[in-house]
Amino acid sequence: MSTEHAAPDHDQELPEQMRVRLAKRAQVLAEGREPYPVVVERSHTLRQVRDAHPDLPPDTATGDVVDVTGRVIFLRNTGKLCFATLREGDGTELQAMLSLALVGEDELARWKATVDLGDHVHVHGEVITSRRGELSVMADAWELTSKAVRPLPSTHHELSEETRVRQRYVDLIVRPQAREMVRARAEVMRTLRAQMHERGFTEVETPMLQLVHGGATARPFVTRANALDTDLYLRIAPELFLKRCIVGGIERVFEINRNFRNEGIDSTHSPEFAMLETYQAYATYDVMADLTRELVQACARAVFGSTVVRHADGSEHDLGGTWRSVTLHGAVSEAVGVEVTPDTTAEDLRKLAAAHDVALKDSWSAGEIVLELFEKLVEHTLQEPTFVRDYPIEVRPLTRQHRDDPRLTEAWDLVVFGHELATAYSELVDPVEQRRRLQEQARLGAAGDAEAMRLDEDFLRALEYGMPPTGGMGMGVDRLLMTLTGLGIRETILYPLVRSE
RNA sequence: GGGCCUCUAGCUCAAUCGGCAGAGCAGCGGACUUUUAAUCCGCGGGUUCGGGGUUCGAUCCCCCGGGGGCCCA
């Protein structure tokens, strides 16, 4: 690995600071040392050193001699005494000191001539506190453990959003919140899994490459299987495979994995996003609501130690307790100040829409207008977690009819901070009705409706074997992180899709 | 897909009416044995996103293209 970097004429095009650092790397090699050693002594992590000496008074010598490592994030070199702040992976920082008296003139000069901000170093020495009381390792020996040939950005200014996303590794180096997000995300994933397992759900993995895409209304990505000489779709939802599991007798089943939707990209939508999707036999959408609330609250506790979540803007929000539940028609009624029910005619709804400056398409039915009124007038106002229930059948064409009103469906959307976080249904399990609805959607597809889906005959065959009454729920994991942290989706996804530079 | 804004040193940002392209941090040289965004003295660093045009002269004005953001569909 220790070959020369590149042709000299190429180096001439590099920024000055990289040329300087590359020259330092070359100098290390010329001295017969290794800028990227294989093995590094590390007797203690910085955390361990800190934990072992929590409250030393200033100017103390402990007699403890340690080998520590870390990235140099801060340098203060004076004539005969140098200070460097080291940081390790968990964010713990510890000061290293190099004095002329201990390391000698040559080693001190080599330190000054070699080490830049961003380099990884190893320091061997005694744990002490400085006169100002800073816990430190007073070096009697040091070595480079990895030379950074690219300078770190200024730590006094925020990186631009674009750089943070495109070079997440730099974001992670300089911004503690970026590292906290990675850990919060891991904590949420772990908690979701643990909670589901605790409740007796079985985790499965279903195909991401599919011959027929389905389970949601979204445009898919298309790819090519050479061996089969056929196009395949990246899945837009795992739903139809998870339902097959329910048919097969896996009565509580879930999957946490990636879905792909070939649609818009903005602060709340990513083409590749993580979802928890789950089905439970003999459950209804009410059961799924309780499950969803408990999952979200468990994740809040895992990240914040309480159901009170702290957003990036400093605001705090309690997601605890039970959550509000409203019907779609009730929520719209409240917003327009007039009672709206499934009996309200399209004509009357159009007048209400006009009165509230909501534009409608001429073709829309009463149910579609009610949904539009909700999305334009209500959704963004729902800050507290709210289950919005009982959508008209026209806008949930694949969902079973409501037990009390055949014009509605047993479906809810969970809205928090103005955005949809999860959705659930009492699932349609009648194979005859399911076929009729899917055929209807396919007909719309043939009529040019890109969101309508093709018929999945194998899924219908599965239903024909008999699927028990089932509740189903899907929750966006990225959205959940957004709910907990108040950040945009491009912050919650470690490496979101970006256009090539 | 449409409209508006934006792209300048490694990073974050300035640059008047079209007139020598600057600052802070970072870097380089020097001083400094207790610093904490160290301090002090000195110095270097630019394809102003790319291409074209107007002009004596373009970071600035115009056109085309690219990246990013916001709003709308």
Side-chain angles (χ1 to χ4, degrees), chain A residues 11-25 27 56-61 71-87 93-105 107-109 111-119 125-126 128-140 147-167 169-176 178 219 262-269 357-361 364 372 375-376 380 450-451 488-491 496-501:
Chain A
D11 280 8
Q12 291 310 306
E13 296 166 10
L14 291 171
E16 179 197 29
Q17 294 193 45
M18 283 195 68
R19 294 200 304 269
V20 168
R21 285 161 179 256
L22 286 165
K24 289 178 179 178
R25 170 191 171 278
Q27 178 60 32
L56 292 181
D59 219 3
T60 306
R71 187 192 289 273
V72 176
I73 57 161
F74 191 30
L75 265 179
R76 299 168 296 279
N77 288 347
T78 74
K80 299 185 179 65
L81 183 62
C82 298
F83 303 86
T85 304
L86 307 186
R87 191 173 62 209
E93 296 175 5
L94 188 68
Q95 180 166 271
M97 297 169 64
L98 290 91
S99 79
L100 178 68
L102 266 169
V103 299
E105 197 174 332
E107 281 298 274
L108 194 68
W111 168 270
K112 290 185 194 176
T114 308
V115 176
D116 290 303
L117 287 180
D119 290 355
E126 183 183 359
I128 64 155
T129 54
S130 69
R131 282 181 204 159
R132 295 287 178 87
E134 185 76 28
L135 189 67
S136 309
V137 174
M138 177 58 91
D140 52 53
K147 180 69 198 168
V149 298
R150 205 175 271 277
L152 288 180
S154 164
T155 50
H156 314 315
H157 301 95
E158 285 233 317
L159 279 179
S160 65
E161 205 254 345
E162 185 177 0
T163 306
R164 292 212 308 268
V165 169
R166 283 189 186 275
Q167 296 179 250
Y169 39 89
V170 177
D171 190 28
L172 290 168
I173 292 170
V174 301
R175 203 167 56 95
R219 221 176 330 163
N262 205 346
E263 298 183 341
I265 303 177
D266 61 32
S267 60
T268 57
H269 294 83
D357 291 323
V358 175
L360 303 175
K361 285 186 186 163
W364 279 349
E372 184 69 11
E375 288 179 353
K376 285 285 148 57
H380 65 273
E451 291 194 343
I489 199 166
R490 279 152 60 94
E491 304 286 344
L497 184 67
V498 286
R499 245 177 258 266
S500 67
E501 282 178 82

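All values reported here derive from a predicted model rather than from experimental measurement. Within every chain, numbering begins at 1; the chains are lettered A, B, ... in the order of the sequence lines, protein sequences first and strands thereafter.
A:E134 comes within 4.0 angstrom of a nucleotide base, judged by non-hydrogen atoms across all strands. A:N77 comes within 4.0 angstrom of a nucleotide base, judged by non-hydrogen atoms across all strands. Among the protein residues, A:K24 comes within range of the sugar-phosphate backbone only, with heavy atoms under 4.0 Å from sugar or phosphate atoms but none that close to a base. The residue A:E158 sits close only to the backbone: its heavy atoms come under 4.0 Å of sugar-phosphate atoms, none of a base. Residue A:S136 is classed as having no contact, given no heavy-atom separation below 4.0 Å to the nucleic acid. In this structure, A:L159 reaches the sugar-phosphate backbone alone: every heavy-atom distance under 4.0 Å involves primed, P, OP1 or OP2 atoms, never a base. At a threshold of 4.0 angstrom between heavy atoms, the contacts of A:T85 with the nucleic acid are absent. Among the protein residues, A:R490 comes within range of the sugar-phosphate backbone only, with heavy atoms under 4.0 Å from sugar or phosphate atoms but none that close to a base.
Of the candidates B:rG24, B:rU36, B:rG27, the closest approach to any side-chain atom of A:L117 belongs to B:rG27. Listed candidates were B:rU12, B:rU34, B:rC32. Nearest to the side chain of A:S160 is B:rU12. Side-chain atoms of A:H157 lie closest to B:rU12 of the nucleotides B:rU12, B:rG10, B:rU33. When each of B:rC28, B:rU36, B:rG10 is scored by its nearest atom to the side-chain atoms of A:D116, the top-ranked nucleotide is B:rC28.
Nucleotides B:rU33 and B:rG42 have their C1' atoms positioned 24 Å apart, rounded to a whole Å. Nucleotides B:rC63 and B:rU55, compared at atom C1', are 16 Å apart to the nearest Å. Taking atom C1' on both nucleotides, B:rG18 is separated from B:rC60 by 7 Å, rounded to a whole Å. Taking atom C1' in both B:rG29 and B:rG65, the straight-line distance is 44 Å, to the nearest Å. Spacing between B:rC13 and B:rU54 at atom C1', rounded to whole Å, works out to 30 Å. To the nearest whole angstrom, the two C1' atoms, one in B:rC25 and one in B:rG45, are 14 Å apart. Between the C1' atoms of B:rC32 and B:rA21, the separation comes to 35 Å (whole Å). Between the C1' atoms of B:rG50 and B:rA58, the separation comes to 16 Å (whole Å).
Counting to the nearest Å, the P atom of B:rG69 and the CD atom of A:E491 are 11 Å from each other. At whole-Å resolution of the value, CG in A:L108 and P in B:rC32 are 12 Å apart. Distance A:I128 CD1 to B:rU33 P: 16 Å, rounded to the nearest Å. Spacing between atom CD of A:E105 and atom P of B:rU33 amounts to 12 Å, rounded to whole angstrom units. The separation between A:E161 atom CD and B:rC11 atom P is 16 Å, rounded to whole Å. Taking atom CD1 of A:I173 as the reference point, atom P of B:rC11 lies 14 Å away to the nearest angstrom. Atom-to-atom, NZ of A:K112 to P of B:rG27 comes out at 14 Å; the value is rounded to the nearest Å. The distance from atom NE2 of A:H156 to atom C1' of B:rC25 is 5 Å, rounded to the nearest whole Å.
The phosphate of B:rG24 has neither OP1 nor OP2 within less than 4.0 Å of any side-chain N or O from A:S154. Residue A:R21 has no polar side-chain atom (N or O) positioned under 4.0 Å from OP1 or OP2 of B:rG10. Contact annotation: A:R499 reaches the phosphate of B:rG67 (side-chain N/O to OP1 or OP2, under 4.0 Å). A:T163 has a side-chain polar atom (N or O) that falls below the 4.0 Å cut-off from OP1 or OP2 of B:rU12.
Comparing A:V20 and A:V498, the nucleotide of RNA chain B nearest to each residue sits closer to the 5' end for A:V20. Mapped onto RNA chain B by nearest heavy atom, A:L100 and A:L75 fall at different nucleotides, with A:L100 at the one closer to the 5' end.
For the pair A:Q95/A:R76, a side-chain contact is recorded, criterion being any heavy-atom separation below 4.5 Å from C-beta on. When side chains are defined from C-beta on, A:V72 counts as touching A:L86, because their heavy atoms get closer than 4.5 Å. For the pair A:K80 and A:S99, the minimum side-chain heavy-atom distance is 4.5 Å or more.
Pairing of B:rC4, defined by two Watson-Crick or G-U wobble distances under 3.5 Å, is identified with B:rG69. Pairing of B:rC43, defined by two Watson-Crick or G-U wobble distances under 3.5 Å, is identified with B:rG27. With a cut-off of 3.5 Å on both Watson-Crick or G-U wobble distances, the partner of B:rU59 is given as none. Of all nucleotides present, none satisfies the Watson-Crick or G-U wobble test against B:rC17 with each distance under 3.5 Å. Across all strands shown, B:rG50 forms a Watson-Crick or G-U wobble pair, both distances under 3.5 Å, with B:rC64.
Each of A:R150, A:K24, A:R25 was compared with A:D116 under the salt bridge (charged side-chain N to carboxylate O under 4.0 Å, His left out) criterion, and only A:K24 meets it.
The base of B:rG27 lies outside donor-acceptor range of the side chain of A:E16, with no N or O pair under 3.5 Å. The base of B:rG10 sits within donor-acceptor range of the side chain of A:Q17, with an N or O pair under 3.5 Å.
Between A:K361 and A:E372, none of the side-chain N atoms (NZ, or NE/NH1/NH2) sits under 4.0 Å from a carboxylate O, so this pair counts as no salt bridge.
Counting all heavy atoms, side chain and backbone alike, A:A359 lies closest to A:W364 at O-CZ3, 4.1 Å. Summarising the geometry of A:V498 relative to A:V165, their closest heavy-atom pair is CG1-CG1, 3.5 Å, with the distance given to 0.1 Å.
Distance alone, capped at 3.5 Å, places no donor-acceptor pair between the A:R131 side chain and the A:D59 backbone. The backbone N or O of A:I73 lies less than 3.5 Å from no partner atom in the side chain of A:T85, so there is not a single donor-acceptor pair.
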